[in-house]
Amino acid sequence: MPGNRSAAVAGLQRDEEPEEDGDEDLRDGGVPFYVNRDGLPMGEETWERMWRHVSRIHPEGDAVARRIRGATDLPKIPTPSVPTYQSSTTVPQRLESIQRYIRELQYNHTGTQFFEIKKNRPLTALMDIAKEMIRESLPIKCLEAVILGIYLTNSMPEVERFPLSFKTQFSGNYFQHIVLGVHSGGRFGALGISRREDLMFKPLEFRTLADLVQEFESAYHGYWHTIRKVKIGQYVSHDPHSVEQIEWKHSVLDIDKLSKEELRRELERHTRDMRLKIAKAAPSSPTKDRKKEVGSPQRGPASPLRRNSRSERRPSGDKKTLEQKPPSDVNGYQIRV
């Protein structure tokens with residue numbers, strides 16, 4: 001039993017992503033990885049750094065790098081097809097197709113994130129990165145999967161999307177993970193990628209946001225991780241050309257300081273906040289002059305624009321405090337494969 005427990009924990013420790021962009025060395029729980037900041041194709045220095053890192057973290061060391069880099073007959077990796085739908089395809093079926101596509105890209109085990117995701121960039125810039133992910137069809141990590149999920153659901157105005165991230169603790173170390181929460185037809189679900197089957201996709205079947213969070217909490221419990229904080233963003237605009245920023249942390253819930261009932265109330269409050277933001281952003285009644293215009297084009301069914309005022313952000317449960325980040329240490333790599 002102890003051996004099984006150690007294996008489960010080790011697998012999870014490699015699963016999570018750092019909460020914020022850092023410098024060259026990103027880490028959480030002492031497990032670091034690099035980010036490719038050169039774009040694609042990679043620069044020579046970044047390319048060689050990736051292989052050096054693979055040699056350090058892989059159980060076979062330099063041998064695996066030499067075997068792959070020196071091979072002339074490597075199998076061709078199939079390129080996944082972006083999902084397409086019939087008009088009769090239901091929303092749950094479309095979300096399952098999107099999740100299947102994300103999974104087919106596979107989880108990135110190299111220790112180098114191929115696409116740089118800066119959370120403070122405008123939505124339109126992040127959507128350009130999503131297009132590049134599709135074009136390159138490379139393995140991705142959980143933050144990249146969130147951006148890709150937003151892009152692939154932009155054409156589904158009946159589906160609202162929001163960031164949902166978890167900070168967990170095991171054996172004195174902290175870990176971060178993020179998925180894309182989805183809401184449609186009065187039900188919640190999630191899209192994403194993870195090394196763990198039960199820490200990514202959730203079908204559109206949870207009646208409340210609290211039920212969805214509880215489902216993730218149960219999954220983490222199976223890996224002996226304790227959720228310390230849940231961070232939930234606002235609904236993301238469906239306009240791929242929007243210059244607004246994604247609001248990643250509208251509510252920050254300190255699980256240690258909330259009872260089960262208080263947590264449920266805070267999650268219900270956040271759900272109301274998201275709905276209220278849409279209501280506030282809904283277009284007002286046309287003016288008299290506007291009514292007199294002839295041949296004015298009608299607004300399509302796209303989701304209303306959502307304001308993203310940082311002043312409206314509300315830490316729930318407890319005031320958000322700045323977390324101390326460990327200093328960069330490129331010599332302290334731990335196994336990540």
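Quick note: numbers below take in every heavy atom, side chains included, and nothing from hydrogens, waters or symmetry partners.
With respect to Glu261 and Arg264, no salt bridge is recorded, no charged nitrogen being found less than 4.0 Å from a carboxylate O. Salt bridge annotation for Arg121-Glu116: absent, with no cationic side-chain nitrogen under 4.0 angstrom from a carboxylate oxygen.
In summary, of the residues considered (Leu95, Leu164, Leu212), a side chain to side chain contact (heavy atoms under 4.5 Å, CB included) with Lys202 occurs for Leu212 alone. For the side chain to side chain donor-acceptor pair (under 3.5 Å) criterion with Thr168, the lone passing option out of Lys229, Arg228, His225, His177 is His225. Between Phe216 and the choices Phe206, Phe166, Tyr223, the ring pair (Phe, Tyr, Trp, His ring centres under 6.0 Å) rule is met once, by Phe166.
Hydrophobic cluster membership differs between Ile77 and Ile140, with clusters built from Ile, Leu, Val, Met, Phe, Trp and Tyr side chains linked at under 4.5 angstrom. Residues Tyr85 and Phe201 are members of one and the same hydrophobic cluster, defined by side-chain heavy-atom contacts under 4.5 angstrom among Ile, Leu, Val, Met, Phe, Trp and Tyr.
For the residue pair Asp62 / Ser55, a side-chain donor-acceptor distance below 3.5 Å is found, with atom types taken as modelled. With hydrogens and angles left out, the side-chain atoms of His183 and Tyr235 include a donor and acceptor closer than 3.5 Å. A side-chain N or O of Thr110 and one of Asn108 form a donor-acceptor pair less than 3.5 Å apart.
A cation-pi arrangement is absent between Lys141 and Phe115, since the terminal nitrogen or guanidinium carbon is not both under 6.0 Å from the aromatic centre and inside a 45° cone about the axis. Both the sub-6.0 Å distance and the 45° axial angle are satisfied by Arg49 relative to the ring of Tyr34.
Using a 4.5 Å heavy-atom threshold, the side chains of Ile134 and Leu152 count as touching.
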Check your understanding: Taking it one step at a time, do Glu197 and Arg103 satisfy side chain to side chain contact (heavy atoms under 4.5 Å, CB included)?
Key -> CA-CA 10 Å; Glu197 205 54 47; Arg103 289 168 60 100; 2.6 Å; yes
Practice item. Apply the test salt bridge (Lys or Arg N to Asp or Glu O under 4.0 Å) to residues Lys257 and Glu262: give CA-CA distance (whole Å), side-chain angles for both, the deciding distance (0.1 Å), then the verdict. Key: CA-CA 9 Å; Lys257 299 181 180 180; Glu262 289 171 335; over 6 Å; no
